[in-house]
**Q** 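Sending over a structure as structure tokens; questions will come in a sec.
Numbering starts at 1 and runs along the sequence shown. If you're wondering where the values come from, they're calculated on a predicted model, not measured in any experiment.
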Amino acid sequence: MSRDGASRHVVIASRIFAPEPAAASLRLRVLAEELAGAGYGVEVLTTTAPASPPPQDSAGVHVVRWPALRNADGYIRGYLGYLSFDIPLLFRLLLRRRPDVVVCEPPPTSGVAVRIACALRRVPYLYIAADLWSEAVLEVGVPAVVERVLARVERWATGGAAHVLTVNPVLVERLRGLGVRGPITMIGHGADTEVFRPDGPAVEAGRPYLVYAGTASEVHGARIFTRALPRVLEEVPDALVVVIGQGSERSAMEEDVRAMPDGVVQFHPRLAPAATAAWLRGARAALASVRPGPYGFAIATKVYAAAACGTPILHVGPGPGRDLVRDNRLGWDVDYDVRHVAKAMIAALRAERNPGEVARLAAWTAAHASLRAAGRKAVECVDDVVRGGDAGGETGDS
């Protein structure tokens with residue numbers, strides 16, 4: 001039973017879901033579990049997981065998977081990849097039991113499919129805007145016409161939502177600027193503190209190391225770490241940098257490393273969250289970056305996973321993530337500059353792991369940046385939409 005005493009059915013529509021290792025996957029898994037705990041029947045419409053062993057559903061959560069087109073790195077990315085999920089999604093939503101509410105994860109093309117299906121069935125939906133895709137593409141240098149089209153698509157996807165969920169105050173302002181007139185709630189980012197925690201196995205590499213764990217895209221500009229590494233090796237010759245994950249900048253990072261001594265950087269594919277947590281526990285610091293530019297307001301969610309493990313963060317670049325690290329004493333924050341980054345990397349490699357600081361960082365994350373807390377806020381928004389009935393199905397601008 002839900003909080004208002006009636007049995008309710010919610011569908012989560014997302015191209016990505018647990019156990020696929022990504023911030024969105026973890027966030028949605030926790031949301032699904034929180035919804036089930038609040039008495040909702042939860043159904044997740046997602047894609048076939050590229051992971052092994054086979055995924056296990058959480059109690060009260062029914063996951064329905066359908067194949068989609070993935071690139072060579074295993075990601076669903078690009079227009080063909082998105083459409084390979086979005087077109088079937090439209091029919092999956094139309095042909096199954098009518099839900100009371102739908103929760104939609106980007107990309108905006110998925111939002112379009114959800115809006116059409118929900119309008120036809122008079123079902124309200126919530127849209128999770130953890131990023132603004134129409135602004136993120138500016139980092140890639142796409143033609144202006146592409147950006148304008150994507151902005152219109154994103155405006156339409158968010159404009160029909162009964163409620164938009166987002167993660168920081170800057171995005172609230174950007175969404176209003178995009179044209180969203182309905183309710184917007186900042187639920188915040190966070191870490192899965194049941195997986196990312198200070199106690200547990202830690203990787204011992206036999207040398208001091210730093211970890212970059214997560215996507216290395218144009219928005220992040222993670223290549224600055226490999227560009228700074230030659231300066232670092234002059235001061236700390238046994239230094240190691242561990243890169244976990246994929247992204248458009250990874251090939252450039254690999255090219256940088258070819259001119260360096262063997263073994264100074266280890267590249268790993270996406271790993272299960274528990275394996276990533278083990279690397280973080282053994283690291284002197286975690287690396288996070290946001291490239292200055294149109295999307296400089298982004299927060300690298302890898303900050304939360306590192307802090308939850310008790311590992312300090314070396315944050316490079318502008319935005320609220322830098323303020324977060326500085327204001328809460330989570331590590332080092334520096335400008336997006338090779339010399340400054342190298343100096344901070346050296347300091348981090350020379351810093352010993354302090355048990356008191358480990359406990360403080362983990363406690364801060366549990367109190368202020370838990371995915372469970374974010375999930376509970378999202379459930380409250382779902383409750384509000386369900387209590388409002390289906391009137392929200394076509395609110396907002398069109």
Side-chain angles (χ1 to χ4, degrees), residues 18-34 37 51-53 55-59 61 188-214 239-245 266 268-288 299-315 321 324-325 327-332 345 347-376:
E20 195 164 349
S25 297
L26 296 175
R27 180 180 65 242
L28 291 171
R29 178 181 63 77
V30 170
L31 173 58
E33 291 172 354
E34 290 294 323
S52 181
Q56 299 295 316
D57 293 356
S58 302
V61 179
H189 269 310
D192 185 348
T193 52
E194 295 163 21
V195 176
F196 295 96
R197 47 192 296 171
D199 57 314
V203 174
E204 298 292 340
R207 54 202 283 203
Y209 70 88
L210 308 173
V211 173
Y212 184 94
L240 171 66
V241 172
V242 177
V243 178
I244 301 171
Q266 289 185 17
H268 296 271
R270 293 179 298 172
L271 300 178
T276 300
W279 276 106
L280 287 170
R281 292 187 198 104
R284 296 290 174 90
L287 304 174
I299 294 181
T301 55
K302 51 184 70 68
V303 166
Y304 302 107
C309 291
T311 301
I313 298 99
L314 195 172
H315 186 281
L324 184 77
V325 170
D327 296 345
N328 296 283
R329 298 180 293 117
L330 304 182
W332 299 262
M345 291 172 72
L349 287 161
R350 288 175 171 168
E352 296 290 338
R353 195 169 171 88
N354 181 289
E357 275 297 286
V358 169
R360 185 185 70 83
L361 291 172
W364 175 88
T365 310
H368 302 286
S370 164
L371 274 184
R372 289 288 167 189
R376 287 190 290 270

**Q** Identify the heavy atoms of Leu361 and Gly310 that sit nearest to each other, and give their distance.
**A** CD1-O, 3.5 Å
**Q** If you round to the nearest 0.5 Å, how far is CD1 of Ile244 from CG of Leu271?
**A** 5.0 Å
**Q** Over all heavy atoms of both residues, which pair between Val211 and Ala283 is shortest? Give the atoms and the distance, please.
**A** CG2-CB, 3.7 Å
**Q** Nearest 0.5 Å, please: how far is CD in Glu194 from CG in Leu371?
**A** 9.5 Å
**Q** With rounding to the nearest 0.5 angstrom, report the CE to CH2 distance, Met345 to Trp332.
**A** 11.5 Å
**Q** Check Ala18 against Ser25 and note the closest heavy-atom contact, atom names and distance.
**A** N-CB, 3.7 Å
**Q** To the nearest 0.5 Å, how far apart are OG1 in Thr193 and CZ in Arg372?
**A** 8.0 Å
**Q** For Gly282 and Ala202, which heavy atoms make the closest approach, and how far apart are they?
**A** N-CB, 3.9 Å
**Q** What is the distance from atom CG of Leu324 to atom CD1 of Ile313, rounded to the nearest 0.5 Å?
**A** 8.0 Å
**Q** Is Asn328 reaching over with its side chain to a backbone N or O of Leu330, donor-acceptor style, under 3.5 angstrom?
**A** no
**Q** With a 3.5 Å distance limit and no angle check, can you tell me whether Arg207 reaches the backbone of Ala239 through a side-chain donor-acceptor pair?
**A** yes
**Q** Test side-chain contact (heavy atoms from CB on, under 4.5 Å) on Gln266 and Tyr209 and set out the steps.
**A** CA-CA 10 Å; Gln266 289 185 17; Tyr209 70 88; over 6 Å; no
**Q** Within the structure provided, determine whether Pro273 and Asp192 are in side-chain contact (heavy-atom separation under 4.5 Å).
**A** no
**Q** How close do Arg284 and Pro312 get, counting heavy atoms only, and between which atoms?
**A** O-CG, 3.3 Å
**Q** Which salt bridge (charged side-chain N to carboxylate O under 4.0 Å, His left out) pairs, counting each pair once, include a residue from residues 357-366, with sequence neighbours left out?
**A** Glu357-Arg360
**Q** Does a side-chain heavy-atom distance below 4.5 Å link Val203 with Val242?
**A** no
**Q** Give the minimum heavy-atom separation between Lys302 and Ala213, together with the two atoms involved.
**A** CE-O, 3.2 Å
**Q** Under the side-chain hydrogen bond (donor to acceptor under 3.5 Å, both in side chains) rule, what pairs show up with a residue in residues 304-315, not counting sequence neighbours?
**A** Thr311-Arg353
**Q** Okay, side chain of Arg281, backbone of Pro201: is any donor-acceptor separation there less than 3.5 Å?
**A** yes
